There are 2 protein chains.
Amino acid sequence: MSKKEAILSIAAKLFAEKGFKDTSMAEISKLTGAAEGTIFYHFKTKDDLLIAILEMVKTGIVQEFESYVGERSSSSGLEMIEDAIAFYLYMATKREEWFLLLNRYYIYELARVNETTRKHLEAIYTCFVDIFDKGITLGLEDQSIINSASRKTALIIFSMVHGLVWFKHHDLYDASALYHELITCCRHMLTRSTVV
Amino acid sequence: MSKKEAILSIAAKLFAEKGFKDTSMAEISKLTGAAEGTIFYHFKTKDDLLIAILEMVKTGIVQEFESYVGERSSSSGLEMIEDAIAFYLYMATKREEWFLLLNRYYIYELARVNETTRKHLEAIYTCFVDIFDKGITLGLEDQSIINSASRKTALIIFSMVHGLVWFKHHDLYDASALYHELITCCRHMLTRSTVV
DNA sequence: AAAAAAATCGACTGAGTACTCAGTATAAAT
DNA sequence: ATTTATACTGAGTACTCAGTCGATTTTTTT
């Protein structure tokens with residue numbers, strides 16, 4: 001692994017776990033074995049390093065989720081939604097650093113003044129919502145889901161799963177014990193009949 | 001207003017809007033007209049100042065929400081939930097500083113090492129969830145809500161509204177346009193019949 | 001009015017910060 | 001073998017920050 005890759009990988013971990021402000025360049029330097037100057041040789045500023053990491057995360061997320069959609073063939077729109085929620089929650093554990101980073105305040109502050117950051121975040125969130133949206137659209141066609149404004153409902157579902165992951169990251173409640181309940185609640189929300 | 005009150009009020013605003021790390025004691029000093037030494041006379045450390053603010057927020061939230069529950073007399077459990085969601089969203093706008101502060105990562109990091117912080121946060125979150133829980137319990141009795149594990153469902157509802165407020169604070173989507181949809185989705189989730 | 005206590009001040013400290021730069025090592029191209 | 005380009009170094013710079021301290025003012029108590 002080149003120094004540049006090491007810097008990206010270690011910094012991604014630190015930014016996610018400790019936060020951007022609480023991670024110093026000295027620390028990244030120490031853990032990678034690269035001199036501080038080397039970090040600034042590859043990334044002009046600390047912000048630039050974060051942006052590069054966010055691009056990595058974006059690429060990773062889009063890849064994982066698109067390949068998931070590609071491989072998966074659900075029997076109904078409703079099932080697709082349920083699977084997508086389960087996959088989201090699974091990924092939030094498997095790639096916790098990604099989702100921890102996305103829960104950090106700093107990147108949204110940066111997004112306000114930096115176009116590139118904004119684009120990356122948009123790509124990530126669009127990727128998530130599109131999957132739910134697609135499931136709803138499909139479900140409306142095959143009648144596994146009852147009438148609802150697809151985009152809006154997709155956003156509501158997304159805020160549910162996002163909220164739950166947020167709780168988990170902040171050690172509020174035993175959030176992972178709610179995964180099953182979340183899916184049940186969504187099914188109730190989207191279907192006419194009462195499935196128990 | 002005493003210097004101490006001024007410090008609490010200005011710092012609360014700054015911590016919420018700019019974040020804890022990005023607000024310096026010098027800034028608080030300048031905006032309150034109190035010398036830096038004065039701040040440290042009233043609050044031993046910067047963390048202590050944050051904890052005092054969090055206590056204020058806790059008191060405020062618990063007061064507002066308990067008096068809301070006391071005054072309100074909903075016709076059914078379902079209606080109570082719907083009203084509570086609307087009230088939560090209303091308060092998240094009216095007292096945005098409170099909710100912005102609660103969305104900051106730092107307080108949860110502090111909560112990990114500081115008992116008092118943890119207690120305040122618990123009190124706040126218990127207050128929220130209890131209201132939803134009470135609504136569900138009531139709804140199960142008066143049959144406006146179908147079978148569900150009340151505490152778990154309350155947490156799911158909470159993660160929905162919380163997630164939506166989080167989106168709003170980070171300028172993702174036009175979150176406030178989803179308020180109505182959120183309530184509709186919850187109604188679908190909790191009831192047997194399809195109300196459109 | 002005198003003494004005691006509480007509140008306020010702001011210059012100062014020292015540890016930390018992101019970032020620079022002049023120079024060195026390594027690899028690639030000629 | 002020599003030049004050129006790229007990767008890397010780490011001491012140094014300018015600056016910010018939370019927190020201290022001794023002195024001064026204001027308030028309360030006697």
Side-chain angles (χ1 to χ4, degrees), chain A residues 1-56 101 104-114 116-117, chain B residues 1-56 101 104-114 116-117:
Chain A
M1 184 159 55
S2 72
K3 286 263 155 96
K4 191 177 177 182
E5 285 169 323
I7 292 164
L8 278 169
S9 145
I10 296 277
K13 210 178 140 159
L14 291 174
F15 288 167
E17 283 172 10
K18 315 192 359 164
F20 182 77
K21 288 269 158 66
D22 280 329
T23 304
S24 68
M25 300 311 258
E27 202 174 352
I28 300 171
S29 158
K30 203 175 165 188
L31 284 169
T32 51
E36 284 196 55
T38 307
I39 307 176
F40 286 100
Y41 170 75
H42 289 294
F43 309 96
K44 238 171 62 189
T45 65
K46 197 184 176 189
D47 275 357
D48 279 350
L49 173 56
L50 176 62
I51 294 168
I53 289 168
L54 198 64
E55 179 159 19
M56 270 175 44
L101 194 75
R104 293 276 170 185
Y105 222 114
Y106 189 78
I107 53 175
Y108 302 93
E109 261 150 26
L110 190 58
R112 258 169 222 147
V113 295
N114 178 279
T116 314
T117 309
Chain B
M1 185 157 55
S2 73
K3 286 262 154 98
K4 192 177 176 182
E5 287 169 321
I7 293 165
L8 278 169
S9 144
I10 297 277
K13 209 178 142 167
L14 291 175
F15 287 166
E17 283 171 8
K18 313 192 1 162
F20 182 76
K21 288 270 158 65
D22 279 330
T23 304
S24 67
M25 299 311 257
E27 201 174 353
I28 299 171
S29 158
K30 202 175 165 187
L31 284 169
T32 51
E36 286 195 55
T38 306
I39 307 176
F40 285 101
Y41 170 75
H42 288 293
F43 309 96
K44 240 169 65 189
T45 64
K46 198 185 176 188
D47 275 357
D48 279 349
L49 173 56
L50 176 62
I51 294 168
I53 288 168
L54 198 63
E55 179 160 19
M56 271 174 42
L101 193 73
R104 292 277 171 186
Y105 222 113
Y106 189 78
I107 53 173
Y108 301 93
E109 262 150 27
L110 191 58
R112 258 169 223 149
V113 294
N114 179 277
T116 314
T117 309

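Letters go in sequence order (proteins before strands), and every chain restarts at 1. On a predicted model such as this, the values are computed, not experimentally measured, just so you know.
- Between A:Met25 atom CE and D:dA11 atom P the separation is 18 Å, expressed in whole Å.
- Contact annotation for B:Ser2: no contact, since no heavy-atom pair falls under 4.0 Å across all strands.
- Of the listed nucleotides (C:dA18, D:dA18, C:dC9), C:dC9 has the atom at the smallest distance from the side chain of B:Ala34.
- Which of D:dT9, D:dG19, C:dA18 sits closest to the side chain of A:Ala35 comes down to D:dT9.
- Distance A:Ile39 CD1 to D:dT9 P: 10 Å, rounded to the nearest Å.
- Considering all non-hydrogen atoms of both residues, B:Ala12 and B:Ile53 come closest at N-CD1, 3.5 Å.
- Whole-Å rounding puts the B:Phe43 CZ to C:dT8 P distance at 11 Å.
- Note on B:Tyr41: a side-chain N or O is less than 4.0 Å away from OP1 or OP2 of C:dA7.
- The phosphate of D:dC8 has OP1 or OP2 within less than 4.0 Å of a side-chain N or O from A:His42.
- Tested against B:Phe20 for a side-chain contact (heavy atoms from CB on, under 4.5 Å), the candidates B:Lys46, B:Glu109, B:Arg104 yield a single pass: B:Lys46.
- From A:Glu27, atom CD reaches atom NZ of A:Lys18 across 3.5 Å, with rounding to the nearest 0.5 Å.
- Distances shorter than 4.0 Å separate none of the side-chain N or O atoms of A:Lys3 from OP1 or OP2 on D:dC8.
- In this structure, CD1 on A:Ile39 lies 10.5 Å from CG on A:Leu8, to the nearest 0.5 angstrom.
- Residue B:Thr38 places at least one side-chain N or O under 4.0 Å from the OP1 or OP2 atom of C:dC9.
- Nearest to the side chain of A:Glu36, among C:dA18, D:dG19, D:dC8, sits C:dA18.
- Between atom NZ of residue A:Lys13 and atom CG of residue A:Leu101 there is a gap of 14.0 Å, rounded to the nearest 0.5 Å.
- Residue A:Thr32 is classed as having no contact, given no heavy-atom separation below 4.0 Å to the nucleic acid.
- A:Lys30 has its NZ atom 11 Å from the P atom of C:dG16, to the nearest Å.
- Summarising the geometry, the separation between CG on A:Leu14 and C1' on C:dA18 is reported as 16 Å, rounded to the nearest angstrom.
- The CD1-C1' distance, from A:Ile28 to D:dG10, rounds to 17 Å in whole Å.
- Within 4.0 Å (heavy atoms only), B:Thr45 reaches sugar-phosphate atoms of the nucleic acid but no base atom.
- Regarding B:Lys21, its NZ atom lies at a distance of 14 Å from the P atom of C:dG16, rounded to whole Å.
- When the P atom of D:dC8 is taken as reference, atom NZ of A:Lys4 falls 10 Å away, rounded to whole Å.
- Checking A:Gly37 against A:Ala26, the closest nucleotide of DNA chain C that is more toward the 5' end is the one next to A:Ala26.
- Using a 4.0 Å heavy-atom distance criterion, B:Ser24 is classed as a sugar-phosphate-only contact.
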